[in-house]
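Below is one structure; the comments refer to it alone.
Naming: A, B, ... by sequence-line order, numbering from 1 per chain.
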There are 2 protein chains.
Amino acid sequence: MTVTSVHDPSHREALWELEDAFERGDLVSAFGTCTVSYEGRAASDLGPGDRLLVLKPDGAALVHTDEGRKPVNWQPPGSEHHAAVREGRLRVRSTRSNPDESLTVRFSDVHQLSAMSVTGGRDLTLHGSEEDLRTRILERPELVEPGFEPRETERPSSAGPMDVFGVDADGTPIVVELKRRRVGPDAVGQLARYVRALREELGVDDTAGGDDADGDDAPAVRGVLVAPSVTDRAAERLADRGFDHVALDPTPEE
Amino acid sequence: MTVTSVHDPSHREALWELEDAFERGDLVSAFGTCTVSYEGRAASDLGPGDRLLVLKPDGAALVHTDEGRKPVNWQPPGSEHHAAVREGRLRVRSTRSNPDESLTVRFSDVHQLSAMSVTGGRDLTLHGSEEDLRTRILERPELVEPGFEPRETERPSSAGPMDVFGVDADGTPIVVELKRRRVGPDAVGQLARYVRALREELGVDDTAGGDDADGDDAPAVRGVLVAPSVTDRAAERLADRGFDHVALDPTPEE
DNA sequence: GAGTCCATTTCGTAC
DNA sequence: GTACGAAGTGGACTC
């Protein structure tokens, strides 16, 4: 682990430091006054101001102002960093192809430039994801409803893989869509696509709602949305389609 | 504009610098070896390693490794930063409420700590957004189809606001959904919701497909998806619903 | 505050 | 590489 750092460098000095850092594969942090322009999937321009530029050895570039979680400008990993002194400014440019994109940062002043060779853990252990919710349901199917039997996860269909496929106490097929947090109407649409695909595949009535043409009490394929909660509009759409909502968190309440 | 910077500070020195920086409302960049833990909407742990910690005066906190565009851990704007020395380590903690979330970074070593008072332009001019696509269509409606007349943007419906509402050459209502880039099946679902809502509102046949029960050639409300391109599955769903796709970019080709 | 939807979404994974 | 869906999505805007 090594850190190099220069305070108020000349553009020439900053250029040397940058090129060395690129060479070493360092993570770079640069404070300075700059303009930024981007051209690629969209196009943008940013006038002069003080910002933090972060350059990563994997090609990622981030321009941060003093506000917001999102960088005001950036370039994705896989880009190539180049630095040069042009027209009295330090120009740092990150480019990539497919899609063709380019980010250009022009520093009128570099106030602080640091670079660190980075080692060590990159792997995060995360809890509370949709996968945790699936695990929870597979271990305790009765949380969905008494008699529920999961049969398959990521079951393929013409509409894509459904989160959990199973049957209820009556043997009726159930498509379960999992969401780790409160959901809106889009999730119902997603569930509807899977149910529809399965109904077509099984050659059963694809009428929405709780009754089919034969007068049975339930549609031949049920849809269940498992999520902590749903919005009003989502609840309406669930009712329209004859689907059920089961309120469940990815991790048990404390 | 002022930059303060310390190299290999003791935890005590780093603590002073951090507290001064918080006081001044500076943007902070810190290189060091640390562990990170998060608890809130989910929960996560990250073992020891070299990282870059960015602390913003608006409360945002970002932990970056040497890879990826996304921070490996973060805290949203509106959080509060606190620093302390605990158990021989420098502990930086960002917390917020609603939802309750907390990010804790524990440095065994701080290698470089810089802080800059930030001023200047924060406003980005961006081109190529969905709004640009809408503008383009409103100025040249024939790009959608000859005879198309836009009547309203963001027209309300029970399914939410539709991007553009208008009529075709025959006076048939058209719902236009705009996407700035290639789309999958979800966009078709979105369009379908709006068309469905409008059909209900107008009290017309809500049968999917190109023919209605009276034997007319077109449904009483048409759906048009304007996007640079669509995936195969999206195209299928468009055909199922009897909707049209118009290939159009948010900005004219060069 | 909640709901809804866009985003240069990013990111992972399967095909 | 493309497609599809999850994400601690973030962020803007409306109600």
Q | Rounded distance (Å) that lies between atom C1' of D/dG10 and atom CG of B/N73 | A | 16 Å
Q. Looking at A/R193, does any N or O in its side chain come under 4.0 Å of the phosphate oxygens OP1/OP2 on D/dG5?
A. yes
Q) Nearest nucleotide by nearest heavy atom, which residue falls closer to the 5' end of DNA chain C, B/N98 or B/G68? A) B/N98
Q: Let me know the distance between CG of A/L133 and C1' of D/dG8, rounded to the nearest Å.
A: 15 Å
(Q) Is A/R182 close enough to C/dG1 that one of its side-chain N or O atoms is under 4.0 Å from OP1 or OP2 there? (A) no
Q.
If I take atom CG in residue B/D45 and atom C1' in nucleotide D/dG8, what distance separates them, rounded to the nearest angstrom?
A. 14 Å
Q: Answer whether the closest heavy-atom distance between the side chains of B/E177 and B/V226 falls below 4.5 Å.
A: no
Q) For B/E131, does the CD atom have more than 12 heavy-atom neighbours from other residues, nucleotides or ligands under 6.0 Å away? A) no
**Q.** Contact under 4.0 Å: B/R134 side-chain N or O vs C/dC6 OP1/OP2
**A.** no
Q) Hey, does B/E177 reach any base, or is it just sugar-phosphate, or nothing, if we go heavy atoms under 4.0 Å? A) sugar-phosphate
Q | Nearest-angstrom distance, P atom, D/dG8 to D/dC4 | A | 23 Å
Q.
Whole angstroms only, please: what is the CG-P distance between A/D58 and C/dG12?
A. 11 Å
(Q) Expressed as a whole number of angstroms, how long is the span from A/D132:CG to D/dA7:P? (A) 9 Å
Q | N or O in side chain of B/Y194 less than 4.0 angstrom from C/dC5 OP1/OP2 | A | yes
Q) Please give, in whole Å, the distance from D/dG8 P to A/E131 CD? A) 12 Å
**Q.** Any B/R180 side-chain N or O less than 4.0 Å from OP1/OP2 of C/dT9
**A.** yes
**Q.** Rounded distance (Å) that lies between atom C1' of D/dT14 and atom CE of B/M162
**A.** 16 Å
Q) Any side-chain N or O of A/W74 less than 4.0 Å from the OP1 or OP2 oxygen of C/dT10? A) yes
Q | From C/dT8, D/dG8, D/dA6, nucleotide with atom closest to B/Y38 side chain | A | D/dG8
**Q.** C1' atoms of C/dC6 and D/dA7, separation to the nearest Å
**A.** 16 Å
**Q.** Under 3.5 Å side-chain donor-acceptor pair for B/K179 and B/Q190
**A.** yes
Q) Quick one: is B/R233 getting a side-chain N or O under 4.0 Å of the D/dA3 phosphate, OP1 or OP2? A) no
Q | Euclidean distance for C1', D/dT9 against D/dG5 (whole angstrom) | A | 12 Å
Q.
So B/P185, base contact, sugar-phosphate only, or nothing? Heavy-atom distance under 4.0 Å.
A. sugar-phosphate
Q: Give a yes/no on whether any side-chain N or O of B/S129 is located under 4.0 angstrom from OP1 or OP2 of C/dC6.
A: no
Q | Most 5' of A/G160 and B/S44 on DNA chain D, judged by nearest nucleotide | A | A/G160
Q: Please work out if B/A60 contacts a base, only the sugar-phosphate, or nothing of the nucleic acid, heavy-atom cut-off 4.0 Å.
A: nothing
(Q) So A/D186, base contact, sugar-phosphate only, or nothing? Heavy-atom distance under 4.0 Å. (A) nothing
Q: Pick base, sugar-phosphate or nothing for B/A159, based on heavy-atom distances below 4.0 Å to the nucleic acid.
A: sugar-phosphate
Q) Quick one: is C/dC6 close enough that its OP1 or OP2 comes under 4.0 Å of any side-chain N or O from B/Q190? A) yes
Q.
Counting only side-chain heavy atoms from C-beta out, which of D/dA6, D/dG8, C/dT8 sits nearest to B/L126?
A. C/dT8
Q: Report the residue from B/H81, B/Q75, B/E101 that forms a side chain to side chain donor-acceptor pair (under 3.5 Å) with B/S94.
A: B/H81
**Q.** Distance, P atom - from C/dT4 to C/dT8, rounded to whole angstrom
**A.** 23 Å
Q.
Need to verify one output field. Residue with the more 5' nearest nucleotide on DNA chain C, A/D232 or B/K179?
A. A/D232
Q) Can you find a heavy atom in the side chain of A/R222 that is under 4.5 Å from one in the side chain of A/E145? A) yes
Q: Take atom CD of A/E80 as the centre, draw a 6.0 Å sphere, and report whether it contains more than 12 heavy atoms from other residues, nucleotides or ligands.
A: no
Q.
Let me spell it out: for each of A/L178 and B/P77, pick the nucleotide of DNA chain D with the closest heavy atom. Which residue's pick is nearer the 5' end?
A. A/L178
**Q.** Atom pair distance, as rounded to whole Å: CZ in A/R181 and C1' in D/dG10
**A.** 10 Å
**Q.** Side-chain N or O of A/K70 closer than 4.0 Å to phosphate OP1/OP2 of C/dA7
**A.** no
Q. With a 4.5 Å limit on heavy-atom distance, are the side chains of A/R89 and A/T35 in contact?
A. yes
